[in-house]
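Everything below concerns the one structure shown next.
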Amino acid sequence: MHDEPRGDLPGPVEHPPVPAGSHPGPPTGPRDPGDAWAYGPDGRKAWGLFGAAGLLVDDGAGRVLLQHRVEWSHYGGTWGIPGGARHEGEDAVTGALRESAEEAAVPADALRLRHTSELDLGFWTYTTVVARADRPFDPVIGDRESLSLDWVAVDAVEALPLHPGFGASWPGFRAALPSSPAVVVDAANVVGSVPDGWWRDRAGAAARLVDEIGGVARTGIPADEFALPFTTWWPAWTVVLEGDARATHAPVVPGPSGSAAASVDVVLAPGSGDDTIVAETGRALASGHAPVLVVTADRELRSRVEAFGAATRGPSWLRERFPSGRP
């Protein structure tokens with residue numbers, strides 16, 4: 001249930017008597033501890049003891065998946081996105097994917113994460129998780145919280161009676177739909193930036209680097225690193241390997257099975273690593289990715305990719321994000 005407040009906090013989910021022949025009422029049975037009110041110091045309350053999250057997914061062809069909310073729900077009869085209260089210990093992305101699977105049968109493994117937007121009231125948060133469908137799927141109503149689920153043309157969204165929270169957020173989300181950041185990594189330069197004996201096993205050092213980048217790809221990058229709005233972005237990742245390091249990995253390092261986490265593309269340079277990085281940078285920009293960051297400390301290479309319009313970062317920018325904590 002999409003109860004993101006903008007202006008007014010979400011009110012109680014009242015369950016009035018259901019007239020004969022109308023849509024069934026709220027679900028019954030045991031509930032998760034997170035399905036409860038969170039209270040602010042001033043007495044305000046919001047649904048979701050541990051916060052709430054919802055999923056906005058577009059199909060890459062000018063449509064977004066929306067939920068027509070059942071009448072008995074808060075702001076019933078309006079259109080919004082699948083979502084609801086997070087479980088205890090559950091991160092926002094996991095919560096949004098779980099709720100959308102329960103309410104709309106959205107397959108997480110069909111999605112590529114794009115970004116998150118967090119509304120933080122101090123005592124409660126609502127996180128909108130934005131994703132793109134990598135393959136077609138048909139939503140299916142999975143509980144009693146939806147009148148319908150539809151792929152709606154982007155140009156038609158504002159003509160619908162929208163949930164106030166979603167309606168206030170939609171212009172920003174719509175404006176960001178074309179944004180698609182990417183990161184191209186000069187693996188040889190990053191590996192060589194720390195004298196840890198990598199030269200004794202170049203393939204092994206490259207394999208460790210690609211695994212670390214896979215971890216970074218799963219957690220995302222703060223939005224301000226790309227000068228983009230919202231909270232966190234999941235860019236497309238390309239790692240270029242050259243020389244002996246090319247023996248390390250298959251061309252694609254996938255995210256976790258059943259997950260919407262981004263994969264990492266591994267490109268094996270047939271000759272010059274720098275030439276391949278320049279080519280991959282140009283390919284990313286030509287395919288619509290923007291902004292594009294290239295991770296390297298090589299001055300000549302930085303000048304070449306910056307001439308394309310890419311930005312550059314040094315190896316420490318990437319290394320400080322490694323989940324292992326290794327420098």
Side-chain angles (χ1 to χ4, degrees), residues 1-10 34 38 40 44 46-48 50-60 62-67 69 74-75 78-87 90-101 103-104 106 108 111-133 152 154 157-158 160 162-182 216-236 259-262 289-291:
M1 196 162 43
H2 182 87
D3 279 333
E4 177 180 3
R6 295 285 182 174
D8 295 330
L9 281 174
R44 291 185 299 171
W47 185 251
F50 309 114
L55 179 74
L56 174 62
V57 57
D58 79 276
D59 66 355
R63 301 185 304 171
V64 291
L65 178 61
L66 297 184
Q67 175 194 53
R69 298 164 59 83
H74 193 229
Y75 293 114
T78 62
W79 291 79
I81 58 176
R86 288 162 54 182
H87 291 178
E90 184 177 58
D91 65 84
V93 171
T94 301
L97 295 177
R98 173 185 54 75
E99 285 283 337
S100 64
E103 296 182 3
V106 176
L111 305 178
R112 179 177 292 273
L113 293 176
R114 288 175 49 73
H115 65 84
T116 57
S117 176
E118 183 182 82
L119 173 68
D120 189 349
L121 300 181
F123 71 97
W124 181 84
T125 62
Y126 187 96
T127 302
T128 302
V129 177
V130 180
R132 176 159 294 163
V152 178
V154 168
V157 170
E158 293 180 5
L160 297 172
L162 300 178
H163 179 285
F166 178 66
S169 303
W170 169 246
F173 292 143
R174 179 177 182 175
L177 284 177
S179 299
S180 182
V216 180
R218 286 189 285 275
T219 58
I221 299 291
D224 57 5
E225 295 290 346
F226 300 108
L228 289 172
F230 308 122
T231 308
T232 301
W233 282 80
W234 279 261
S259 165
H289 286 292

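When reading the values below, keep in mind they use all heavy atoms of this one structure, side chains included, and skip hydrogens, waters and symmetry mates.
Residues satisfying the salt bridge (Lys or Arg N to Asp or Glu O under 4.0 Å) criterion with D59, sequence neighbours excluded, are R63. Under the rule for a side chain to side chain donor-acceptor pair (under 3.5 Å), D120 has no partner lying at least two apart in sequence or in another chain. Partners of T232 according to the side chain to side chain donor-acceptor pair (under 3.5 Å) rule, which considers only residues two or more places apart in sequence or in another chain, do not exist here. Judged as a side chain to side chain donor-acceptor pair (under 3.5 Å), and not counting sequence neighbours, the contacts of S180 are H289. Contacts of R98 classified as side chain to side chain donor-acceptor pair (under 3.5 Å), with partners at least two apart in sequence or in another chain: H87, E90, E102.
The side-chain heavy atoms of W79 and R69, taken from C-beta on, include no pair separated by under 4.5 Å. For the pair V130/S117, no side-chain contact is recorded, criterion being any heavy-atom separation below 4.5 Å from C-beta on. Within the 4.5 Å cutoff, no side-chain heavy atoms of L160 are placed close to those of F166.
Note that CG of L97 is 6.5 Å distant from CG of L111, once rounded to the nearest 0.5 Å. One distance of note links CZ of F173 with CD1 of I81; it measures 6.5 Å at 0.5 Å rounding. Interatomic distance, L65 CG to L55 CG, rounded to the nearest 0.5 Å: 7.5 Å. To the nearest 0.5 Å, the span separating CZ on R44 from CH2 on W124 amounts to 10.5 Å. Atom CG in L162 sits 10.5 Å away from atom OG in S169 (nearest 0.5 Å). W234 CH2 to H115 NE2: the interatomic distance, rounded to the nearest 0.5 Å, is 10.0 Å.
Closest non-hydrogen pair, P82 versus S100, comes out as CB-CA, 3.9 Å. Between G34 and A85, the closest heavy-atom pair is O-CB, 3.5 Å. Considering every non-hydrogen atom in both G54 and A96, the closest pair reads O-CB, 3.6 Å. Residues A38 and G48 come closest through the heavy atom pair CB-O, 3.6 Å. Residues H163 and G165 come closest through the heavy atom pair ND1-N, 2.9 Å.
In terms of modelled atom types and a separation under 3.5 Å, the side chain of R86 and the main chain of Y126 share no donor-acceptor contact. With hydrogens and angles disregarded, a donor-acceptor distance shorter than 3.5 Å links the side chain of R132 to the backbone of L177.
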Tell me, with the steps shown, if R114 and V129 meet side chain to side chain contact (heavy atoms under 4.5 Å, CB included). CA-CA 8 Å; R114 288 175 49 73; V129 177; over 6 Å; no
T128 and T116: CA distance, side-chain angles, deciding distance, side chain to side chain contact (heavy atoms under 4.5 Å, CB included) verdict: CA-CA 6 Å; T128 302; T116 57; over 6 Å; no
Less than 3.5 Å apart, which donor and acceptor atoms pair up between the side chains of residues 223-231 and the rest of the protein, not counting sequence neighbours?
| from | atom 1 | to | atom 2 | distance (Å) |
| --- | --- | --- | --- | --- |
| E225 | OE1 | W317 | NE1 | 2.9 |
| E225 | OE2 | R321 | NH2 | 2.9 |
| T231 | OG1 | E118 | N | 3.1 |

